[in-house]
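Let me begin by presenting the structure, written as structure tokens, before commenting on it.
In this text the structure is predicted, and so the values were computed from the model without any measurement. Below, chain A is the first sequence line, B the second, and so on; all start at residue 1.
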There are 2 protein chains.
Amino acid sequence: MDPVDDLAMPFLLMSAFRNLVDAVHAQLADDGFPGVRATHGFAMQAIGAGCTSVELGERLGVSKQAAAKTASTLEEMGLLRREPVERDARQKLLVPTPAGRRMLRLSASAFRAELARWREDVGDAGVDATLATLSVVAAGGRGPTDLSDWT
Amino acid sequence: MDPVDDLAMPFLLMSAFRNLVDAVHAQLADDGFPGVRATHGFAMQAIGAGCTSVELGERLGVSKQAAAKTASTLEEMGLLRREPVERDARQKLLVPTPAGRRMLRLSASAFRAELARWREDVGDAGVDATLATLSVVAAGGRGPTDLSDWT
DNA sequence: CTCAGATGGACAACCTGGTTGACCATATAC
DNA sequence: GTATATGGTCAACCAGGTTGTCCATCTGAG
């Protein structure tokens with residue numbers, strides 16, 4: 001009888017993502033980071049300990065100009081600092097400020113909290129199966145940031 | 001040992017969605033609908049047999065103006081027709097053209113084909129568990145189109 | 001029947017996040 | 001030393017969304 005049709009998959013993926021991200025942003029706003037959008041979080045995650053605009057663009061899968069623009073707004077939000085690199089005067093390293101690192105920590109714990117809620121709702125087996133499945137079908141995508149170093 | 005960390009969930013959801021949609025669009029482009037973007041597909045699905053701009057906005061979770069803009073581009077693409085409603089001269093019904101319906105059919109079969117590929121890669125159990133899990137956590141979201149009438 | 005209010009649609013101005021193209025300063029390779 | 005590659009920035013543009021305003025039309029209460 002196929003209780004959930006395959007055709008619903010794109011909608012479900014989008015909707016789940018949206019709910020997850022909305023929940024995290026609501027929590028972040030409560031914690032004193034009201035203006036954070038999905039792009040900002042992804043970019044900060046992608047930056048990690050620090051990288052250049054070009055690298056950020058590659059990790060996010062966007063042009064270096066788009067990455068630089070995002071970095072500028074993150075800088076204005078005080079989450080990021082551009083600092084010169086001594087061995088190459090062209091480069092500017094994007095490094096998270098203490099506020100940026102705090103935001104990252106809060107965001108990580110908000111994601112974990114929301115996932116814990118999912119686990120309560122559907123059980124560990126379902127969530128684990130979903131993670132396993134998605135990590136197969138998401139592989140190969142040159143999508144935004146490989147997140148291998150999410151802390 | 002937690003082979004896939006909970007923190008990867010947002011990335012996996014996005015990446016899976018992106019891969020899925022990219023694959024479908026590549027197929028659509030091959031089938032003679034090169035310019036179709038994710039928004040267009042979602043909007044066409046939301047329109048279904050036909051609705052007004054206001055309804056479309058509600059189904060997509062966007063303002064009526066945004067919905068009308070999208071409808072205009074769909075009209076220019078020849079996927080959609082605006083036709084007057086005799087019982088209310090204010091309304092204009094958005095109805096798919098034959099090309100629009102063809103695109104919907106092709107898009108549906110492309111989605112099913114891609115899902116079939118997923119099923120080959122990870123097995124039916126994983127995909128079914130994912131569908132079941134996501135339909136729980138996606139619920140309640142006022143996300144785009146309830147897709148209850150995807151054909 | 002009429003008229004106030006609700007509703008559908010359109011237009012304009014604006015924002016965000018992305019694109020491409022051009023350009024300059026600096027590194028690097030030959 | 002000089003050609004070329006690379007990192008960063010600026011400018012123009014686009015898509016898709018927002019809000020505010022406005023008009024035409026429908027609807028319901030007198």
Side-chain angles (χ1 to χ4, degrees), chain A residues 14 17-18 21-22 25 34-47 50-77 79-95 142-145, chain B residues 14 17-18 21-22 25 33-47 50-77 79-95 141-145:
Chain A
M14 240 209 65
F17 177 76
R18 186 167 166 170
V21 166
D22 283 355
H25 287 172
V36 176
R37 326 265 270 95
T39 322
H40 306 146
F42 271 109
M44 289 298 293
Q45 298 287 0
I47 288 166
C51 70
T52 67
S53 296
V54 170
E55 276 176 315
L56 178 58
E58 286 163 2
R59 295 185 194 178
L60 291 178
V62 301
S63 65
K64 64 177 180 176
Q65 293 91 332
K69 251 191 230 183
T70 303
S72 292
T73 80
L74 291 172
E75 197 176 16
E76 284 165 18
M77 295 164 78
L79 302 178
L80 198 67
R81 208 171 69 244
R82 276 183 167 95
E83 63 180 26
V85 177
E86 71 279 11
R87 51 158 291 227
D88 190 339
R90 293 170 306 174
Q91 297 186 10
K92 291 178 191 172
L93 209 60
L94 308 172
V95 297
R142 58 277 176 269
T145 174
Chain B
M14 241 209 63
F17 177 76
R18 186 166 165 171
V21 166
D22 284 353
H25 287 171
F33 294 95
V36 176
R37 326 265 270 93
T39 321
H40 306 147
F42 271 111
M44 290 298 292
Q45 298 287 1
I47 287 165
C51 70
T52 67
S53 296
V54 171
E55 276 175 314
L56 179 58
E58 286 163 2
R59 294 186 194 177
L60 292 179
V62 302
S63 65
K64 63 177 180 175
Q65 292 91 333
K69 251 192 229 183
T70 302
S72 292
T73 81
L74 291 173
E75 196 176 15
E76 284 164 20
M77 295 164 78
L79 303 179
L80 197 68
R81 205 172 73 245
R82 276 182 166 95
E83 64 179 26
V85 177
E86 71 279 9
R87 51 157 292 224
D88 189 339
R90 293 170 306 174
Q91 296 187 12
K92 290 180 192 171
L93 209 60
L94 308 172
V95 297
R142 58 277 177 267
T145 174

Just so I know, are the side chains of [X] and [Y] near enough to count as touching, which here means a heavy-atom distance under 4.5 Å?
X       : Y       : value
A:Val36 : A:Met77 : yes
B:Arg59 : B:Ile47 : no
A:Thr39 : A:Thr73 : no
A:Lys92 : A:Thr52 : no

Discussion item. Taking the minimum atom-to-atom distance to the side chain of B:Ala89, which one of C:dA27, D:dT25, D:dG17 wins?
Written reply: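 So the side chain of B:Ala89 is nearest to D:dT25.
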Between [X] ([atom1]) and [N] ([atom2]), how many Å, whole number?
X       : N      : atom1 : atom2 : result
A:Leu74 : C:dG17 : CG    : C1'   : 12 Å
B:Leu60 : D:dT18 : CG    : C1'   : 15 Å
B:Met14 : C:dG17 : CE    : P     : 14 Å
B:His25 : D:dA15 : NE2   : C1'   : 14 Å

Practice prompt. Let me know, please, whether A:Ala67 or A:Arg87 comes out on the 5' side of the other along DNA chain C by nearest nucleotide.
Written response: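 Counting from the 5' end, the first nearest nucleotide belongs to A:Ala67.
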Worksheet item: Between A:Val62 and A:Glu86, which has a closest nucleotide on DNA chain C that is more 5'?
Response: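 Its nearest nucleotide lies further toward 5', so the answer is A:Val62.
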Verify the contact: side-chain N or O of [X] to OP1 or OP2 of [N], cut-off strictly under 4.0 Å; return yes or no.
X       : N      : result
A:Ser63 : C:dT19 : yes
B:His40 : D:dG16 : yes
B:Thr70 : D:dA15 : no

Worksheet entry | With sequence neighbours excluded, residues passing side-chain hydrogen bond (donor to acceptor under 3.5 Å, both in side chains) with B:Arg90 |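 Once residues adjacent in sequence are excluded, the partners of B:Arg90 under the side-chain hydrogen bond (donor to acceptor under 3.5 Å, both in side chains) criterion are B:Asp88.
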Worksheet item: Closest approach of A:Ala43 and A:Leu56, non-hydrogen atoms and distance?
Response: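 Heavy atoms only, the tightest pair is O-CD1, 3.8 Å.
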Item to complete: Take nucleotides 5-13 of chain C nucleotide by nucleotide from the 5' end and write B, S or -, depending on whether a protein heavy atom sits under 4.0 Å from the base, only from the sugar-phosphate, or from neither.
Response: -BBBBBB-B
Please table the atom pairs, donor to acceptor, closer than 3.5 Å between any side-chain atom in residues 62-71 of chain B and protein atoms at least two apart or in another chain.
| from | atom 1 | to | atom 2 | distance (Å) |
| --- | --- | --- | --- | --- |
| B:Ser63 | OG | B:Ala66 | N | 3.2 |
| B:Thr70 | OG1 | B:Ala66 | O | 3.1 |

Practice prompt. For A:Thr73, report the nucleic acid contact type (base, sugar-phosphate, nothing); a contact means any heavy atom under 4.0 Å.
Written response: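 Counting heavy atoms under 4.0 Å across all strands, no contact is made by A:Thr73.
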